Amino acid sequence: MQETVQYTPVILDPNTAKRTLLLSEDLTSVGFAGEELQLPANPERFDHYASVLGSEGFNSGTHCWEVEVGENPWWTVGAMTESAQRNGDHTSTACEWWFVFFKNGEYVARSPPQPFSLLTVKQKLQRIRVQLDWDRGELSFSDPDNNTHLHTFTHTFNERVFPYLNIPRNIFPLRILPLKPSVIV
């Protein structure tokens, strides 16, 4: 039965996706569209960075999701609060936004306005696991292929936190992976 059941813990919110992003029909992957799509200009949509949020925010409990980053040369995976700025350059202002990104061969963790933290990664990451423990105030990133911890942010969360993806002009889409269900008899 486990082989027939797939559970994807995060689906993406098309209303938040920048107009240059193309989401899959099942809302589990996002790629670069190559041109600006004709989409409504709504207040929740990112307008500066090629970003998208998960459709569901978390305000308690423990949540985990995995993102396939593959061979992309540039990506960002993390989480953002509901009230964080989505219009304009949100990277230069203090906001509740935590992420790991890969660019120019380097892996970096950051939560603006804090400085960048360079991460030590032994082999190129194909997947990133994000684990949010809202109640304990921890957001952790790991490499599920090697079971290696990458970075943990600590923060006293006081509002809903949404999964966050950014994919500027990448060749391959970023994809939320289904988690294997555990069955206890």
Side-chain angles (χ1 to χ4, degrees), residues 1-18 21 23-31 44-46 49-70 72 75-86 90 95-102 107-112 114 117 119 121 125-167 173-184:
M1 185 168 119
Q2 273 187 296
E3 292 79 30
T4 62
V5 175
Q6 280 196 343
Y7 169 66
T8 305
V10 171
I11 60 169
L12 301 173
D13 182 355
N15 293 320
T16 65
K18 186 175 181 197
L21 297 179
L23 276 57
S24 62
E25 278 188 39
D26 66 358
L27 302 176
T28 62
S29 67
V30 57
E44 62 268 27
R45 187 175 308 286
F46 286 95
Y49 288 102
S51 302
V52 63
L53 295 179
S55 64
E56 181 182 353
F58 308 112
N59 62 1
S60 66
T62 302
H63 308 275
C64 183
W65 59 95
E66 286 184 12
V67 180
E68 182 179 61
V69 295
N72 282 308
W75 50 260
T76 305
V77 173
M80 180 180 264
T81 59
E82 185 170 31
S83 67
Q85 177 182 329
R86 297 182 200 169
H90 58 271
C95 69
E96 294 183 343
W97 180 39
W98 309 266
F99 57 90
V100 168
F101 75 90
F102 176 71
Y107 295 92
V108 175
R110 186 163 188 227
S111 178
Q114 301 301 316
S117 295
L119 303 178
V121 176
L125 299 176
Q126 297 297 307
R127 299 185 297 157
I128 298 281
R129 178 177 293 145
V130 183
Q131 182 156 343
L132 169 66
D133 188 333
W134 198 95
D135 301 316
R136 292 182 69 191
E138 293 180 350
L139 182 69
S140 298
F141 296 85
S142 61
D143 175 358
D145 294 322
N146 296 310
N147 200 24
T148 305
H149 175 263
L150 299 172
H151 191 80
T152 298
F153 292 102
T154 56
H155 180 80
T156 303
F157 300 112
N158 55 20
E159 64 178 295
R160 288 196 307 169
V161 175
F162 289 81
Y164 171 89
L165 301 177
N166 177 276
I167 182 167
L174 297 183
R175 188 167 66 102
I176 307 291
L177 297 172
L179 295 179
K180 294 181 181 175
S182 62
V183 178
I184 300 171

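Predicted model, so just to flag it, every value in this text is computed and none were measured. Quick note: residue numbers are just sequence positions, from 1.
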S.K.: Rounded to the nearest 0.5 Å, what separation is found between the CG atom of Asn15 and the CD atom of Glu44?
M.R.: 5.0 Å

S.K.: Among Leu165, Leu21, Asn166, Thr76, exactly one meets side chain to side chain contact (heavy atoms under 4.5 Å, CB included) together with Ser51. Which residue is that?
M.R.: Asn166

S.K.: Let me confirm one number: the CG-CD1 distance from Asp26 to Ile176, rounded to the nearest 0.5 Å.
M.R.: 10.5 Å

S.K.: Looking only at non-hydrogen atoms, find the nearest pair between Asp143 and Asn146 and report the distance.
M.R.: OD2-ND2, 2.9 Å

S.K.: Quick one: sort the Phe99 and Trp97 rings into parallel, tilted or perpendicular, breaks at 30° and 60°.
M.R.: tilted

S.K.: If you count heavy atoms of other groups shown closer than 6.0 angstrom to CG of Asn147, is the number above 12?
M.R.: no

S.K.: Distance-only, no hydrogens or angles: does the Glu159 side chain make a donor-acceptor pair with backbone N or O of Ser83 under 3.5 Å?
M.R.: yes

S.K.: Roughly how far, to the nearest 0.5 Å, is the CH2 atom of Trp134 from the NE2 atom of His155?
M.R.: 9.5 Å

S.K.: List the atom of Gly54, the atom of Val10, and the distance in Å for their closest heavy-atom pair.
M.R.: CA-CG1, 4.1 Å

S.K.: Hey, what do you get for OG (Ser142) to NE2 (His149), rounding to the nearest 0.5 Å?
M.R.: 7.5 Å

S.K.: Looking at side-chain heavy atoms only, is the closest gap between Trp98 and Tyr164 below 4.5 Å?
M.R.: no

S.K.: Evaluate Leu150 against Ile128 for side-chain contact (heavy atoms from CB on, under 4.5 Å), listing each step before the verdict.
M.R.: CA-CA 9 Å; Leu150 299 172; Ile128 298 281; 3.9 Å; yes

S.K.: Is a side-chain donor or acceptor of Trp75 paired with a backbone partner of Pro173 at a separation under 3.5 angstrom?
M.R.: no

S.K.: Starting from the C-alpha separation in whole Å, work towards a yes-or-no answer on side-chain contact (heavy atoms from CB on, under 4.5 Å) for Val130 and Leu139.
M.R.: CA-CA 7 Å; Val130 183; Leu139 182 69; 3.7 Å; yes

S.K.: So, taking the atom named CZ in Arg129 and the one named CZ in Arg127, what distance separates them when rounded to the nearest 0.5 Å?
M.R.: 6.5 Å

S.K.: Of the options Thr152, Leu125, Val100, which is the one that meets Phe141 in a side chain to side chain contact (heavy atoms under 4.5 Å, CB included)?
M.R.: Val100

S.K.: Would you say the side-chain atoms of Arg45 pair up with the backbone N or O of Pro14, donor to acceptor, closer than 3.5 Å?
M.R.: yes

S.K.: Applying side-chain contact (heavy atoms from CB on, under 4.5 Å) to Trp65 and Leu132, what does each step give before you reach the verdict?
M.R.: CA-CA 9 Å; Trp65 59 95; Leu132 169 66; 4.3 Å; yes

S.K.: Do you know the tightest heavy-atom contact between Gly31 and Ile167?
M.R.: CA-CD1, 4.1 Å

S.K.: Where do Phe157 and Glu138 come nearest, in terms of heavy atoms and distance?
M.R.: CE1-N, 3.7 Å

S.K.: Taking all heavy atoms of Phe46 and all of Leu53, pick out the closest pair and write down the distance.
M.R.: CE1-CG, 3.7 Å

S.K.: Is the shortest heavy-atom distance from the side chain of Tyr49 to the side chain of Lys18 under 4.5 Å?
M.R.: no

S.K.: Rounded at 0.5 Å granularity, tell me how far OG1 in Thr62 sits from CG in Asp135.
M.R.: 6.5 Å

S.K.: Between Glu82 and Phe162, which heavy-atom pair has the shortest distance, and what is it?
M.R.: CB-CE1, 3.6 Å

